[in-house]
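Worksheet for the structure shown next.
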There are 2 protein chains.
Amino acid sequence: MKQQNSQTEEKILEAAEKIFLRDGYGDARMQDIADLAGINKALLHYYFRSKDNLFEYIFEKKISVMFPKMEELFGQNLSFYETICAFIEKYVSILADNPYMPFFVMSTINRADRKDFIKKLPVSLNQKLIELYMKDLSEKKVREVNPIQLIISIISMCAFPFMARPVIKEITKIDEEQFKMLMNFRVAEIQQYIKYILIPNS
Amino acid sequence: MKQQNSQTEEKILEAAEKIFLRDGYGDARMQDIADLAGINKALLHYYFRSKDNLFEYIFEKKISVMFPKMEELFGQNLSFYETICAFIEKYVSILADNPYMPFFVMSTINRADRKDFIKKLPVSLNQKLIELYMKDLSEKKVREVNPIQLIISIISMCAFPFMARPVIKEITKIDEEQFKMLMNFRVAEIQQYIKYILIPNS
DNA sequence: GTCTATACTTCGATAGAC
DNA sequence: GTCTATCGAAGTATAGAC
């Protein structure tokens, strides 16, 4: 029955996503995915030929969610600083809903035999963003910094804490709920940093 | 011969470190370690009973290198800002010599069955550092920010780029040599950020 | 201490019945 | 489409000779 088909497929995808994100490719077990989906291993292979195949499917699906379309931010011509602020808010909010993503992406990319997955990342050096910086710089609206280093810093500050989440929770003795709050407060904190860094006499 | 003993053990440790750091526990192969050490698998088990055992040994050895003794920085009473600057320089320099460490630590910690490894990390909330901030704040030498968030941000900016190294290299089209330079320049860049963030009217 | 050969285990994948 | 049973590859660990 077609109805059954897609229902099972849906269950598999849901389970696969959860397991792969939590464990990464190497540590993920087809058995665990089958168990979580409430089916058996054979059926997994019936729907998705191999583990590799299933993984690739999940990776591509999640990766497109992970990197917000920057285009939307360029709509109502904001300043460089305002664009960055909007990005930070959006990015942290996405990560809060997908806390395993940063580690998932990094563990995939760092695997020797998965180097080609880098090419699947919908990231680029966003020329538009750098042009926006240059424009604001020429008008003295922002200080002179290296825009590449700044962008790396912003992504670092947003994404890294999610990877270090177990460590942060341990040493600050907070639970999952409080960690979420910490990341919530963090948005304004990072925006404030960027203001101090970019805006003269702020 | 005792001479032979320690020589072989030394070769094993050297090889194990390289493989474990590059691949993480799950993807590392005892065969690869044996090959790199120029011996066979059986001998690995003769020296270190199991893969788990060998891994734990390497982890504990490297982790102590990874986290610089902050104590040394408190020696000649620097200001909070100066202490942070010294830390950044030292930390990035260590990471540049051990570029796989951030990912190695994170992948170990994130493994479901290795959660207890968190307790092996020689990190703590360094009360001394926060006290130093409070002192400088009371003297209006620094702006008011959340010191915990700031520390998280600094570690993020230093460590994350090493995890994202393959991605950064890919999208900026630079090679290993140039990446090292990028991280070298980065020290001053981050220190500058911290100055803008912390020091009023800077 | 070191090696070869092999046992044991885990896990992805497939065959075949229903 | 779904299940049970089983294969085969890969990888850790050990036995036993030298």
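Here is the naming used below: chain letters follow the sequence lines, and residue numbers restart at 1 for every chain. Values below: every heavy atom of this structure, side chains too, minus hydrogens, waters and symmetry copies.
For A:Tyr25 and A:Phe55, the ring centers sit closer than 6.0 Å to each other. Checked against the 6.0 Å centroid criterion, the rings of A:Tyr91 and A:Phe87 qualify as a close aromatic pair. Ring centroids of A:Tyr193 and B:Tyr193 are separated by 6.0 Å or more, keeping the two rings apart.
Rounded to whole Å, atom P of D:dC3 lies 10 Å from atom CG of A:Leu44. Distance B:Met30 CE to C:dT6 P: 21 Å, rounded to the nearest Å. The interatomic distance linking B:Leu43 (CG) with D:dA17 (C1') rounds to 15 Å, in whole Å. Remark: C1' of C:dC3 and CG of B:Asp35 are 14 Å apart, rounded to the nearest angstrom. Note: CD (A:Gln31) to C1' (C:dT9) measures 15 Å, nearest angstrom. The interatomic distance linking B:Lys51 (NZ) with D:dA10 (P) rounds to 15 Å, in whole Å.
For C:dA13, the OP1/OP2 oxygens have no side-chain nitrogen or oxygen of A:Arg49 closer than 4.0 Å. Taking side-chain N and O atoms only, B:Thr8 has a distance below 4.0 Å to OP1 or OP2 of C:dT2. Phosphate proximity of D:dT14 to B:His45: absent, as no side-chain N or O sits under 4.0 Å from OP1 or OP2. Applying the 4.0 Å criterion to OP1 and OP2 of D:dC3, one finds that A:Asn40 has a side-chain N or O inside that range. Checking the phosphate oxygens (OP1, OP2) of C:dA13, no side-chain nitrogen or oxygen of A:Tyr46 falls inside 4.0 Å.
Closest to the side chain of B:Ala42, out of C:dC3, C:dT14, D:dT12, is C:dC3.
At the heavy-atom level, A:Ala34 lies nowhere under 4.0 Å from the strands shown.
Without hydrogens or angle criteria, B:Asn53 side chain to B:Phe48 main chain gives no donor-acceptor distance under 3.5 Å.
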